[in-house]
Protein chains: 2
Amino acid sequence: MDQVFSHHDHFDADELIDRLPRKGAKNYVSSATVYRTLREFVDAGLLKSFQLEGRTVYEHDYGYPQHDHLYCTRCRELFEFQSEPLTKLLEEIGVEHGFRISGHRMIIHGVCRECSKNRRKKRKQDLV
Amino acid sequence: MDQVFSHHDHFDADELIDRLPRKGAKNYVSSATVYRTLREFVDAGLLKSFQLEGRTVYEHDYGYPQHDHLYCTRCRELFEFQSEPLTKLLEEIGVEHGFRISGHRMIIHGVCRECSKNRRKKRKQDLV
DNA sequence: TTTCTTGCAAACCTTTTGCATCCCC
DNA sequence: GGGGATGCAAAAGGTTTGCAAGAAA
C-alpha cells in the first residue's frame, strides 16, 4: 500500500514489483500477492486500471478527479488531461444512442511537446 | 480473406477461426496462419485492431469511415458512432497540450437501449 | 480452532515463433 | 532450386489459481 499510494504515477504490476523488496529481502511479497492485491484495490475502487500495449496499467482512482490520457508514442509517457466539454459531449452521445453510460476509456496517441522538439529524445526503455 | 471481408462485424482471432474450416476439413488453416494473416492485414491498413477485455478485436479499416465505439457490458455488443464535434474537440485538446496527435482509442462502456429495456436479456455467451 | 493470507509452482490464455515441410515459379 | 507460405508444437508474456503452509483472530 505504501508503495502504491506514495506516488501518483501510472504503473503496471511489473514496475510495482520492481519497487518492492526483492526475494530474500525483508518484507518481500510474491508477485501472486501483488496481483491479488492490485485486483482487490481495483474492486474496492481505490485504483483504476486499463490496458496499454498489452500490459495492465494502474492509477489512483479514489478521491482523484476523472480524466483522460494522452500517450506519447515516442517517450511512452502518459499525460493526463481533463476536459469539461468532452464530458458533456460524451453524455450527449449516450443520450443520442440510448446508452446508459457507466464509463469510458480514451487514450489519445501522439507525440508530446518535448519529443516533438527533440527528435532524438531517448525512450524510457533505451535509458536502461 | 473471404471470411474477413464478407461481414462488417467486429471479431477476434478466435471467432474468425471458428468460422473457418476445422482441422481435417478442406481449406483448413492453422491458427498460426490466421494470426499471421491478421497481422499483415493490419500492417497493410486493411484492418484496424484494438484491445477489449484482453482480446484483440479487429474491424475493417480500408475505405471505412473513422468512428468510435459504444460497448454494451450486458450483451457485449460493440456499436459504432461518428461524432464530428468529438473529432474537433480532440484536435483542440491536442493543440492545447502541444501534442501531435496520430490517433486515439475511445470506448464508451454502458448498457445499450435493448438491454436497458429487457433486464433479463441473455448475453451472447449464455446463448451458446 | 477457524479463518485469512501468503508463496510457490503450475496452469491459463492469447499470441508469437522456430523449424521442417510443402508449394509454386 | 530458392523464396515464400503453412502446420505443428513449443515458447512467450502477463496474469490467475490450487494448494499446502504460515499468520492472525
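Excluded from the calculations below are hydrogen atoms, water molecules and symmetry mates; all remaining heavy atoms, backbone and side chain alike, are included.
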Test item: B:T33 side-chain N/O and B:V29 main-chain N/O as donor-acceptor pair under 3.5 Å: no
Before you tell me yes or no, could you show the steps for A:F99 and B:F79 under ring-ring contact (aromatic ring centres under 6.0 Å, His included), namely the whole-Å CA-CA distance, both residues' side-chain angles and the distance that decides it to 0.1 Å? CA-CA 10 Å; A:F99 245 73; B:F79 301 84; 5.7 Å; yes
B:D43 has an atom CG; how far is it from atom C1' of C:dT15, in whole Å? 14 Å
Quick check: A:H69 with A:F50 (ring centres under 6.0 Å apart)? yes
Where the side chain of B:E91 meets the backbone of B:K88, is there a donor-acceptor pair that is under 3.5 Å apart? no
Take atom CZ of B:F11 and atom P of C:dT15, then tell me their distance rounded to the nearest Å. 12 Å
What contact category does A:R39 fall into here, base, sugar-phosphate, or nothing, at under 4.0 angstrom with non-hydrogen atoms? sugar-phosphate
Roughly how many Å is it from CZ in B:R55 to C1' in C:dT15, rounded to a whole number? 14 Å
Starting at CZ of B:F50 and ending at P of C:dT15, how long is that distance when rounded to a whole Å? 13 Å
Donor on one side chain, acceptor on other, A:Q82 and A:H67, under 3.5 Å: no
Think B:T56 has a side-chain N or O under 4.0 angstrom from the OP1 or OP2 of C:dT14? no
Quickly work out the A:Y35 OH to C:dC12 C1' distance and round it to whole Å. 13 Å
Going by salt bridge (Lys or Arg N to Asp or Glu O under 4.0 Å), name the residues that satisfy it together with B:R19, two or more places apart in sequence or in a different chain. none
Is there a ring-ring contact (aromatic ring centres under 6.0 Å, His included) between B:H8 and B:Y64? Walk through the geometry before answering. CA-CA 10 Å; B:H8 262 293; B:Y64 205 69; 4.8 Å; yes
Any donor-acceptor pair under 3.5 Å from A:H97 side chain to A:V95 backbone: no
Whichever of B:R36 and B:Y58 has its nearest DNA chain C nucleotide further upstream toward 5': B:Y58
Nucleotide C:dT15, atom P - distance to CD of A:Q51 in whole Å: 12 Å
Taking only heavy atoms on the protein side, list every residue of residues 23-33 of chain A lying under 4.0 Å from any atom of DNA chain C, sorted numerically. A:K23, A:Y28, A:V29, A:S30, A:A32, A:T33
Which label fits A:F5 and A:F41: parallel for a plane angle under 30°, tilted from 30 to 60°, or perpendicular past 60°? tilted
First and last nucleotide of DNA chain D, 5' to 3', lying under 4.0 Å from heavy atoms of chain A: D:dG14 to D:dG18
